[in-house]
*Asks:* 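First, the structure itself, so that you have it in front of you.
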Amino acid sequence: LGAFRIVDGGHIHYYIIVGYIVVIILTFIAPKYIIPIAYDSGGVTTSTVTVPLVAALGIGLASNIEGRSPLIDGFGLIAFASLFPMITVMLYGVIIEKIGVKSDTQIEKEELLKDALVDADNMDLATVNIDGSKIRHSLLLQFSAVVIIVPEDRRDDAIVAAQKAGASGVTVLDAHGIGLEGMANFYRTSFEAKDVLLLFLLPQHLVNEVIKSIIHSLHITTTGKGVAFAFPLSHMKGISLTKEDIFKEKAYQININEDEELGEKHSV
């Protein structure tokens, strides 16, 4: 278009004004997510490679056509090089929206939530917040509670070990009790809160990894002190999970179901 203008001899400001009117119109029409990319692309294209090549083309044309100024008409091509990408990128966004092409993220989200229910009162389903959003979805997921009772000075070590294994949250409670020796002389025992109880609410696929990480870090099964156990949960409502955790839990449940079916076939 810029080369045609040099050959034709039209005034550059008419072309530029019309071009930016188109940009302004597309700014109101195009999807919001693509507008910053479009505006940035205008500056990116006028780079150290584009400018010398485009300027050389413009100056060459203007120098060899009578009545054209290399300074005005030649360097005017750079304005077109900056303007055109903004138009094409926003047009791309408009066309994609019109024909309904979905991004990988949108497809992934729809696949993830295709079994979500509006009715969160269904007690057979877990109601969760995904990626910390305020929107809640009801999904068929299995959860377990992992309880860790350790000395107070090992609390942070246990939490760090659980975090490394994938736990995303914990409830910390003070705990006190007596062992076998204390029970033998119960009435002379002084109860002091020297332990802490850590409660983790986890998808089923994380339970083994979290317990293993904690007992290895705190040496609970050898020389360390502490108790670790887990039990299944039902009626889970209000917990927050990432999309990654949901995918892993669904994959875990599929593998468990396949193993159970395989075991039934062998037993038959």
Side-chain angles (χ1 to χ4, degrees), residues 1-116 129-137 163-164 166 168 240-248 250-251:
L1 182 62
F4 168 78
R5 185 199 64 81
I6 295 175
V7 175
D8 181 63
H11 295 289
I12 187 172
H13 52 273
Y14 294 135
Y15 287 83
I16 297 300
I17 290 172
V18 172
Y20 274 102
I21 288 175
V22 173
V23 169
I24 293 171
I25 294 172
L26 287 174
T27 302
F28 289 98
I29 298 175
K32 299 302 180 185
Y33 66 84
I34 210 166
I35 293 174
I37 302 174
Y39 275 67
D40 283 343
S41 66
V44 171
T45 51
T46 53
S47 63
T48 54
V49 175
T50 307
V51 170
L53 292 176
V54 171
L57 172 63
I59 292 172
L61 280 174
S63 300
N64 288 278
I65 297 177
E66 186 177 354
R68 307 292 181 266
S69 169
L71 182 61
I72 297 176
D73 297 307
F75 283 94
L77 278 181
I78 300 175
F80 289 90
S82 176
L83 181 64
F84 193 68
M86 291 189 284
I87 296 175
T88 54
V89 171
M90 284 192 284
L91 275 176
Y92 166 80
V94 173
I95 293 170
I96 291 300
E97 288 285 312
K98 294 297 182 182
I99 64 179
V101 175
K102 298 177 182 177
S103 66
D104 290 341
T105 303
Q106 289 173 313
I107 295 172
E108 178 183 287
K109 185 176 180 180
E110 290 180 4
E111 286 295 318
L112 176 65
L113 303 177
K114 64 182 180 181
D115 56 348
N129 297 338
I130 299 178
D131 289 334
S133 68
K134 295 181 180 180
I135 301 175
R136 297 187 174 183
H137 301 277
Q163 183 186 26
K164 290 180 178 178
S168 58
S240 293
L241 292 179
T242 64
K243 286 187 288 188
E244 182 182 2
D245 284 334
I246 295 175
F247 281 127
K248 288 181 178 179
K250 287 190 174 184

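Heavy atoms only: backbone and side chains are in, while hydrogens, waters and symmetry mates are out.
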*Asks:* From Thr27 OG1 over to Lys32 NZ, what is the distance, rounded to the nearest 0.5 angstrom?
*Replies:*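 Those atoms lie 8.0 Å apart.
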*Asks:* Apply side chain to side chain contact (heavy atoms under 4.5 Å, CB included) to Ile17 and Ile21, showing your working.
*Replies:* CA-CA 6 Å; Ile17 290 172; Ile21 288 175; 3.9 Å; yes
*Asks:* Which distance, rounded to the nearest 0.5 Å, do you find between the CG of Leu26 and the OH of Tyr20?
*Replies:*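 Here the interatomic distance stands at 13.0 Å.
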*Asks:* Of all heavy-atom pairs between Met90 and Ala38, which one has the smallest distance, and what is that distance?
*Replies:*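 Met90 and Ala38 have their closest heavy atoms at CG-CB, 3.5 Å.
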*Asks:* Measuring from atom CD1 of Ile24 to atom CD1 of Ile29, what distance do you get when rounded to the nearest 0.5 angstrom?
*Replies:*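 Here the interatomic distance stands at 12.0 Å.
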*Asks:* For the residue pair Glu97 and Pro31, what are the closest heavy atoms and their distance?
*Replies:*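 Nearest heavy atoms, Glu97 then Pro31: CG-CG, 3.1 Å.
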*Asks:* Measuring only between side-chain heavy atoms, which start at C-beta, is Leu57 closer than 4.5 Å to Leu61?
*Replies:*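 Of all side-chain heavy-atom pairs linking Leu61 with Leu57, at least one is under 4.5 Å.
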*Asks:* Is the closest side-chain heavy-atom distance between Val89 and Tyr39 below 4.5 Å?
*Replies:*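 SC-SC contact between Val89 and Tyr39 ruled out.
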*Asks:* Looking at Phe28, I'd like to know if its CZ atom is crowded, meaning that more than 12 non-hydrogen atoms belonging to other residues, nucleotides or ligands lie closer than 6.0 Å.
*Replies:*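 Open: at most 12 neighbouring heavy atoms sit under 6.0 Å from CZ of Phe28.
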*Asks:* Once rounded to the nearest 0.5 Å, what's the spacing between atom CD1 of Ile37 and atom OH of Tyr92?
*Replies:*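 Reported value, rounded in 0.5 Å steps: 9.5 Å.
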*Asks:* Donor-acceptor check, side chain of Asn64 to backbone of Gly60, threshold 3.5 angstrom: yes or no?
*Replies:*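 Judged by distance alone, yes, a pair lies under 3.5 Å.
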*Asks:* About how many Å separate CG of Leu83 and OG1 of Thr88, when rounded to the nearest 0.5 Å?
*Replies:*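 Result: 9.5 Å between the selected atoms.
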*Asks:* From Phe80 CZ over to Phe4 CZ, what is the distance, rounded to the nearest 0.5 angstrom?
*Replies:*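 Those atoms lie 10.5 Å apart.
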